[in-house]
Every structure is written in C-alpha cells, then in structure tokens.
Number of protein chains: 2
Amino acid sequence: MKDTCPVLEVCVVMFTVQDSRLQVLLSQQPQSSWHLPVLAVEPHPSLESAALACLTNCTGLTEAYLEQLYSYSDCSGQAGRRRVMVAYFALLPSDQPSTGGACRQEAAWHPVDAPPPLGDNHGEILKYALRRLRYKLEYTAVGFELLPETFSLSELQRTYEIILGEKLDKRNFRRRILEAGVIEPTNVQRMGEGRPARLFRYRADAVAEVKARRLFP
Amino acid sequence: MKDTCPVLEVCVVMFTVQDSRLQVLLSQQPQSSWHLPVLAVEPHPSLESAALACLTNCTGLTEAYLEQLYSYSDCSGQAGRRRVMVAYFALLPSDQPSTGGACRQEAAWHPVDAPPPLGDNHGEILKYALRRLRYKLEYTAVGFELLPETFSLSELQRTYEIILGEKLDKRNFRRRILEAGVIEPTNVQRMGEGRPARLFRYRADAVAEVKARRLFP
DNA sequence: TCAAAAGTGTTACCAGTACACCCATGG
DNA sequence: CCATGGGTGTACTGGTAACACTTTTGA
C-alpha cells in the first residue's frame with residue numbers, strides 16, 4: 001500500500017435546538033481535544049451515505065436534513081499522506097432522541113455560541129456551517145427541519161429567533177411565512193399554559209428555495 | 001496497492017464570455033465524448049492547487065476566480081475502486097488568451113446554452129455550475145471577473161445580460177451598481193463607434209458579498 | 001448631418017416595517 | 001377573575017421598476 005493513498009473522511013456538523021439555544025454535537029477521544037464527529041468513507045458506497053452513517057452512529061437517527069458543505073484537504077499528517085475531509089451539516093428535530101448511546105465516541109451537545117476549543121480545522125468548519133445555516137435560513141424554508149413534525153407558529157418563530165439571534169415581529173412573521181405557502185395548518189390544537197395553539201406542518205410539496213430579491217438589476 | 005485506494009480528481013468548469021455568449025471549456029480525448037477538464041489531485045499539495053493547475057494546463061493562466069462547487073463520489077468504475085471528484089468553477093476575463101496551446105487535452109470553447117453531450121455526470125456538474133454562477137451574480141460582484149481589468153458600464157451590463165439571459169434597464173443598472181460602490185471610475189476613456197465611454201475598474205477593497213434582503217422577517 | 005453608443009432624473013407603485021389590542025384556556 | 005400565551009389589521013414609508021431624451025464622437 002503506497003503512502004500516497006489518500007485518507008478520505010466525512011465530518012458532520014449536527015445542529016439542533018435545545019434549551020432555547022442552537023447546539024452542536026461534538027465528540028472527544030480520551031486525552032484529546034473536542035472534534036466534530038468524523039467517519040472514514042472507506043466502507044461506504046458514497047460520500048452521502050458515509051455522512052448519513054456518521055449521523056446515525058452519533059444520534060441513532062436514520063434520516064435528517066443533510067447537506068454537503070465543503071471539502072478540505074490537508075497534507076500535514078504523516079509525511080506525504082494526504083487527508084481529504086468532506087464536511088456536511090445536518091439539522092435534527094428538537095424532539096428526537098438526541099445523543100443515542102449508540103454513539104461510539106464520547107459525544108455531547110454544546111451551544112454554538114460558546115463551543116470548546118476544537119482540534120484540526122474543525123473550528124473553522126463549524127463557523128462556516130453556522131454561517132451557511134443562518135444564511136440559508138433567511139431565504140429557504142430549512143428552519144422546519146429543526147422542529148418536530150408539527151409545531152405552532154410561536155415555536156417556529158422562536159426557532160428563527162434563536163438561530164438568527166434577533167427578535168422578530170410576530171404579525172409580520174406570521175403573515176410572511178403563511179404567504180410563502182410553505183406550511184399548512186393541521187386540525188390539531190395543542191393545549192398549553194395559555195390559549196391553545198393551532199399546529200402546523202411543513203408542506204411536502206412546497207418549493208424549498210424561494211428566490212430572494214437580487215442586488216443587481 | 002489495495003484497490004480500495006480511492007481515486008481523487010478535480011474538475012474545473014471554466015466560464016468566459018465570447019461572441020456575446022457564455023462559453024465553457026470542454027475537452028475531448030480521442031474516440032470519447034466531451035468532458036470537463038479533469039486532473040488527478042495526486043501530485044499537488046491541495047485540492048485548490050490541483051484545480052488551479054488544471055486551469056493553468058488548459059488556459060495558460062496562472063490566476064483566475066476559482067471557487068469550489070461540490071464533491072461527487074462514484075463507485076461504478078473498476079470494481080470497488082472509488083472515485084471522488086471535487087468540482088470547481090472558474091471565471092476567465094474575456095480578453096485573456098483563452099485556450100493556450102499548453103492544453104494537453106483537445107479543448108475548445110462551447111456555448112453553455114448548447115453544449116455537446118457530456119460523459120459521466122459532467123452534464124449535471126455543468127448545470128449546477130451555471131446555476132451557481134447565475135445565482136452568485138445576482139447578489140455578489142463576481143461578474144467583474146469575466147471582464148478585462150477596465151471596462152465600460154455598457155460592457156458590464158452586457159455581461160450581466162448575457163449570463164442572466166434577460167435585458168436590463170440601463171439607468172437602473174447604473175444607479176445600483178454605482179451605489180453598491182464596487183467599481184470606481186478611471187480617468188481613461190475609450191473611443192469607439194459612438195460617444196466615448198468612461199472606463200471603470202473593480203475596487204479591490206470592495207466588499208465582495210452584499211447582503212440581499214431576506215425572505216423571512 | 002447622420003448614425004451609434006453614452007449618459008442622465010422623475011414618478012408611481014408595491015412591499016416591508018412598525019405598531020396595540022382582544023381571545024381562549026387553565027389555575 | 002387573573003395570568004399566560006395565541007391570534008389578528010392598518011397606516012406609513014422607503015425602495016424598486018418603468019420610462020425618453022440629450023450628448024458626444026466618427027464617418
């Protein structure tokens with residue numbers, strides 16, 4: 001086996017909302033710094049499926065929103081041995097069984113606004129993933145992926161506020177999200193502390209990507 | 001050498017504007033269909049530099065706008081041998097010596113709106129690159145990369161029209177592009193068929209990415 | 001003096017934003 | 001009946017889009 005044979009890995013930045021904060025799953029090998037969960041592509045048929053396997057390893061979930069972020073290369077390891085890391089990010093619904101015991105590595109959720117120091121270039125990858133998430137949230141409907149299958153409009157708004165880090169106007173939020181036609185009401189109501197909330201669900205047939213107004217004419 | 005050792009390659013979708021059309025550089029091995037230019041990553045220190053080398057091979061240019069697009073994996077080659085292709089796209093100024101003889105493969109420019117059939121998944125990659133280019137053009141200043149160092153506002157507008165495939169209003173275009181502050185006038189004028197045009201240049205200190213208004217409140 | 005391209009302002013409309021009160025339920 | 005969160009409409013304002021003529025040069 002030549003040592004020019006490259007090492008191919010995927011890593012997955014897994015986001016979820018818990019305790020009113022956006023959280024990311026990090027793992028830690030003994031005596032080492034924290035890292036994003038990483039998996040060798042080797043036994044898997046494709047990059048996608050390796051990323052999904054990484055997610056399943058860590059959370060027990062067999063599906064989630066998963067999107068390729070970027071590919072990084074690195075030659076600084078064993079002399080001449082190239083490492084290529086394909087980074088993904090994933091969004092997990094906040095009601096799912098998060099860190100299943102199935103996770104081989106020691107993993108835990110960390111708030112993204114105060115993560116521990118990360119090894120390799122994982123800090124950079126996390127920053128980029130967060131930027132992509134915020135950016136994407138602004139012009140697509142991807143925010144639903146962080147919620148249970150049905151949710152109230154207030155919950156949805158809170159999710160947006162948590163990720164974007166700013167307060168939003170309730171009436172404007174509702175009007176726009178409804179006009180965009182990406183969610184539909186169910187007949188179910190949820191009883192809570194105050195007046196019951198009507199529950200909504202994501203419309204499977206909705207166009208995910210809505211075109212924003214462009215800068216240039 | 002194990003046959004699980006993955007093949008790592010880059011391909012580069014090179015765009016330029018010629019003859020009032022957006023063109024892409026394709027290459028053709030003897031007796032084979034057209035492909036995007038491809039290069040093995042192997043001898044290069046990083047994915048980036050491999051992509052740049054691919055570009056230099058084909059055009060003689062040693063720099064250009066270059067951006068990573070996506071990574072594709074494929075197991076359908078020799079049994080079990082994994083291929084990973086990292087795709088880039090590049091923008092070449094329309095005045096540069098395009099297909100330098102330095103290109104080892106037989107390469108030629110093709111209009112993107114009527115490309116020949118492409119092998120592998122290169123048709124898909126090209127389509128994606130074009131989508132990204134159009135999309136990017138709408139909210140960043142990347143369009144300048146397709147022009148010479150100095151250019152008139154009309155030339156700039158024509159470039160935008162060619163890529164976006166629609167006519168734009170002259171006054172609105174000028175107002176907005178000037179307000180955005182990404183270009184500055186030079187003292188040079190260019191004589192032509194009619195009234196001379198003032199030439200502009202891209203401002204190196206300009207913020208490349210301008211935030212567009214967002215969909216959700 | 002004609003053709004060809006460069007350059008220049010104003011108006012109308014629509015969409016985004018700001019804003020305050022009533023409603024339904026549980027305790 | 002009170003506290004809690006859910007739900008609703010309007011007026012203003014700022015940005016976007018539509019639009020036509022004058023200017024400068026070369027032939």
Side-chain angles (χ1 to χ4, degrees), chain A residues 17 19-20 94 137-141 147-148 150-162 164-201 210-217, chain B residues 17 19-20 94 137-141 147-148 150-162 164-201 210-217:
Chain A
V17 172
D19 305 323
S20 300
S94 55
L137 204 67
E138 291 180 348
Y139 66 96
T140 72
L147 286 171
T150 64
F151 47 84
S152 73
L153 289 180
S154 298
E155 289 168 336
L156 182 59
Q157 182 175 346
R158 270 192 293 275
T159 302
Y160 271 82
E161 289 175 337
I162 288 167
L164 297 177
E166 62 184 301
K167 252 190 122 27
L168 303 173
D169 181 89
K170 182 158 59 161
R171 280 174 290 190
N172 292 338
F173 181 84
R174 285 167 187 241
R175 178 159 20 86
R176 283 213 221 165
I177 208 102
L178 292 175
E179 278 172 3
V182 287
I183 61 177
E184 58 185 10
T186 66
N187 295 323
V188 189
Q189 293 201 327
R190 170 180 306 151
M191 300 300 165
E193 288 217 35
R195 172 173 171 177
R198 156 156 268 175
L199 295 185
F200 289 76
R201 88 165 65 85
V210 189
K211 198 173 176 66
R213 186 183 59 188
R214 49 195 216 206
L215 172 63
F216 294 115
Chain B
V17 172
D19 306 323
S20 300
S94 55
L137 205 66
E138 290 179 350
Y139 66 95
T140 73
L147 286 170
T150 64
F151 47 85
S152 73
L153 289 179
S154 297
E155 289 167 339
L156 183 58
Q157 182 175 346
R158 269 193 294 277
T159 302
Y160 271 82
E161 288 175 339
I162 287 168
L164 297 178
E166 62 184 303
K167 254 190 120 26
L168 304 174
D169 181 88
K170 181 158 58 160
R171 281 173 290 190
N172 291 338
F173 181 83
R174 286 167 186 241
R175 181 164 13 90
R176 283 215 222 165
I177 207 102
L178 290 176
E179 278 172 0
V182 287
I183 60 177
E184 59 186 6
T186 66
N187 294 324
V188 189
Q189 292 203 328
R190 171 181 303 153
M191 301 300 163
E193 288 215 39
R195 171 173 170 177
R198 155 157 270 176
L199 295 185
F200 289 76
R201 88 164 65 85
V210 190
K211 199 175 176 67
R213 189 182 57 190
R214 48 196 217 207
L215 172 62
F216 293 116

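So you know, we letter chains A, B, ... as the sequences are listed, proteins then strands, and number each from 1. Worth knowing before you read on, the calculation uses all heavy atoms, side chains too, and leaves out hydrogens, waters and symmetry mates.
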Please report, rounded to the nearest Å, how far the C1' atom of C:dC19 is from the NZ atom of A:K167. 15 Å

How close or far is atom C1' of D:dA18 from atom CZ of B:F173, stated in whole angstroms? 17 Å

Could you pull out every donor-acceptor pair under 3.5 Å between side chains of residues 187-195 of chain A and any protein atom, sequence neighbours left out?
{"unit_1": "A:R190", "atom_1": "NH1", "unit_2": "A:E155", "atom_2": "OE1", "d": "3.3"}
{"unit_1": "A:R190", "atom_1": "NH1", "unit_2": "A:E155", "atom_2": "OE2", "d": "2.4"}

Encoded 5' to 3' (Watson-Crick or G-U under 3.5 Å; [ ] crossing; | other strand), DNA chain C becomes |||||||||||||||||||||||||||

Nearest-0.5 Å distance, OG1 of residue A:T159 to CZ of residue A:F151: 8.5 Å

If you measure only the distance, is there a donor-acceptor pair under 3.5 Å linking the side chains of B:R174 and B:S154? yes

Starting at atom CE of B:M191, determine the distance to atom C1' of C:dA6, rounded to an integer number of angstrom. 12 Å

Specify the separation, in whole Å, of atom CD1 of B:I177 and atom C1' of C:dG7. 16 Å

Please tell me if A:S154 has a side-chain N or O lying less than 4.0 Å from either OP1 or OP2 of D:dG5. no

Whole-Å distance between C:dG7 P and B:R158 CZ? 11 Å

Which atom names give the shortest non-hydrogen contact between B:T150 and B:R201, and what distance separates them? CG2-CB, 4.4 Å

Using atom names, set out every protein N or O paired with an N or O of nucleotides 20-24 of chain D below 3.5 Å, distance rounded to 0.1 Å.
{"unit_1": "D:dA20", "atom_1": "N1", "unit_2": "B:R171", "atom_2": "NH1", "d": "3.2"}
{"unit_1": "D:dT23", "atom_1": "O2", "unit_2": "B:R195", "atom_2": "NH1", "d": "3.0"}
{"unit_1": "D:dT24", "atom_1": "O2", "unit_2": "B:R195", "atom_2": "N", "d": "3.4"}

How many angstroms lie between CG in B:L147 and CZ in B:F200, if you round to the nearest 0.5 Å? 13.0 Å

Which residues share a side chain to side chain contact (heavy atoms under 4.5 Å, CB included) with A:E161, sequence neighbours left out: A:Q157, A:R158, A:K167, A:L168

5′-ward residue of the pair B:E155/A:E193 relative to DNA chain C: B:E155

A:R198 CZ - C:dC23 P separation (whole Å): 18 Å

What's the CZ-C1' distance between B:R190 and C:dG7, to the nearest Å? 16 Å

Can you name the side chain to side chain contact (heavy atoms under 4.5 Å, CB included) partners of B:R175, sequence neighbours left out? B:N172, B:E179

If I take atom CG in residue A:L199 and atom C1' in nucleotide D:dG5, what distance separates them, rounded to the nearest angstrom? 14 Å

Nearest heavy-atom approach of B:L199 to B:S152 is CD2-N, 3.7 Å

The side chain of B:R174 is closest to which nucleotide in this list: D:dG7, C:dG7, C:dT25? C:dG7

On DNA chain D, check which nucleotide each of B:G192 and B:E179 is closest to and give me the residue with the more 5' one. B:E179

Can you check nucleotides 10-13 of chain D for protein contacts, nitrogen or oxygen pairs under 3.5 Å, and list what you find?
none

Looking at every heavy atom in both A:L153 and A:F173, which two are closest together, and how far apart are they? O-CE2, 4.0 Å

